[in-house]
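Beneath this line is the structure, given in structure tokens, with notes to follow.
All residue numbers in this chain count up from 1 along the given sequence. Because the structure is predicted, anything quoted here is derived from the model rather than measured.
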Amino acid sequence: KERARVCPACRHLAFPRLSPAVIVAVERGEEILLARSPHFPRGIYSVLAGFVEPGESAEECVRREVHEETGVHVTDVRYFASQPWPFPHSLMLGFTARYAGGTVRPAAGEIEDAAFFHVDALPKTFAGRTSISQWLLEDFRRRLGRG
């Protein structure tokens, strides 16, 4: 009944390890911060994401990752939803946050491009409705009456 392996000799339960990650929609009025990883298919943008470091809260991770990847500071970090992401072993924790300052400067080697995009002029993003990144974008559009 458990999602674990049982040692046949001592009956010890070994549970799978999870690596928590955050994903965040940074909003500035009717604009949203999107970025391109060099690993994405050509022309595709998405919201920002990154792994939680030991000793760090999910909210601290949101602020750190956004700043490290784009130079932007955020405030009003709010939990949105979560999604199991088993490849390899992540739990995506989705958040929204508001722009608090800073100039967008993509982190060299990690982010190919990043910018704030108006809700009516969003770049190409991943298709479908299966990932939390898409849910965050849909929620942003819906709250602005565009979805």
Side-chain angles (χ1 to χ4, degrees), residues 1-5 13-147:
K1 294 179 182 178
E2 300 276 1
R3 289 190 180 200
R5 299 199 117 183
L13 286 176
F15 291 91
R17 296 195 184 268
L18 288 176
S19 298
V22 299
I23 187 162
V24 57
V26 178
E27 302 173 15
R28 184 173 71 179
E30 292 191 343
E31 298 177 315
I32 189 166
L33 180 60
L34 299 176
R36 257 196 62 63
S37 165
H39 307 292
F40 286 176
R42 187 178 179 140
I44 297 287
Y45 283 75
S46 185
V47 293
L48 299 170
F51 285 98
V52 178
E53 293 183 356
E56 183 177 54
S57 74
E59 295 82 1
E60 290 169 333
C61 181
V62 165
R63 289 187 283 275
R64 177 186 55 76
E65 281 289 338
V66 171
H67 188 257
E68 283 180 2
E69 292 184 358
T70 66
V72 167
H73 296 281
V74 296
T75 189
D76 198 22
V77 176
R78 293 178 186 250
Y79 177 76
F80 174 77
S82 66
Q83 180 182 32
W85 201 256
F87 304 105
H89 45 72
S90 301
L91 175 63
M92 296 295 289
L93 305 169
F95 291 87
T96 61
R98 284 187 304 119
Y99 170 80
T103 302
V104 178
R105 286 187 213 99
E110 197 170 343
I111 302 294
E112 197 171 85
D113 185 39
F116 280 97
F117 293 90
H118 191 273
V119 66
D120 295 327
L122 296 176
K124 187 176 179 182
T125 58
F126 289 101
R129 294 185 173 156
T130 59
S131 79
I132 196 166
S133 66
Q134 295 154 334
W135 306 343
L136 284 160
L137 284 166
E138 284 178 9
D139 177 68
F140 174 68
R141 286 189 201 104
R142 181 192 52 76
R143 285 185 289 103
L144 293 176
R146 309 302 205 288

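The distance from atom CG of Leu48 to atom CD of Glu68, rounded to the nearest 0.5 Å, is 11.5 Å. The distance from the CD1 atom of Ile111 to the OG1 atom of Thr70 is 8.0 Å, given to the nearest 0.5 Å. Separating the OG atom in Ser37 from the CD atom in Glu112 is a distance of 7.5 Å, to the nearest 0.5 Å. Here the CG-CG distance, from Leu137 to Leu34, works out to 6.0 Å after rounding to the nearest 0.5 Å. Expressed to the nearest 0.5 Å, how far CG of Leu33 lies from OG of Ser46 amounts to 10.5 Å.
When all heavy atoms of Val74 and Val77 are compared, the pair lying nearest together is CG2-CG2, 4.1 Å.
With Cys61 as the fixed residue, the side-chain contact (heavy atoms from CB on, under 4.5 Å) test singles out one of Arg63, Glu65, Glu59: Glu65.
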Distance-only donor-acceptor pairs under 3.5 Å for side chains of residues 80-93, two or more places apart:
{"from": "Gln83", "atom 1": "OE1", "to": "Ile132", "atom 2": "N", "distance (Å)": "2.8"}
{"from": "Gln83", "atom 1": "NE2", "to": "Thr130", "atom 2": "O", "distance (Å)": "2.7"}
{"from": "His89", "atom 1": "ND1", "to": "Ser19", "atom 2": "OG", "distance (Å)": "2.8"}

Acceptor/donor pairs from residues 21-30 side chains to any protein atom, 3.5 angstrom cut, sequence neighbours excluded:
{"from": "Glu27", "atom 1": "OE1", "to": "Arg143", "atom 2": "NH1", "distance (Å)": "3.3"}
{"from": "Glu27", "atom 1": "OE1", "to": "Arg143", "atom 2": "NH2", "distance (Å)": "3.4"}
{"from": "Glu27", "atom 1": "OE2", "to": "Arg143", "atom 2": "NH2", "distance (Å)": "2.4"}
{"from": "Arg28", "atom 1": "NE", "to": "Glu31", "atom 2": "OE1", "distance (Å)": "2.8"}
{"from": "Arg28", "atom 1": "NH2", "to": "Glu31", "atom 2": "OE1", "distance (Å)": "2.8"}
{"from": "Glu30", "atom 1": "OE1", "to": "His118", "atom 2": "NE2", "distance (Å)": "2.9"}

Show me the side-chain donor-acceptor pairs of residues 97-109 shorter than 3.5 Å, one per line, residues at least two apart or across chains.
{"from": "Arg98", "atom 1": "NE", "to": "Asp76", "atom 2": "OD2", "distance (Å)": "3.2"}
{"from": "Tyr99", "atom 1": "OH", "to": "Gly102", "atom 2": "N", "distance (Å)": "3.3"}
{"from": "Tyr99", "atom 1": "OH", "to": "Gly102", "atom 2": "O", "distance (Å)": "2.7"}

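Phe126 places none of its side-chain heavy atoms less than 4.5 Å from the side chain of Ser131. Using a 4.5 Å heavy-atom threshold, the side chains of Leu136 and Thr96 count as touching.
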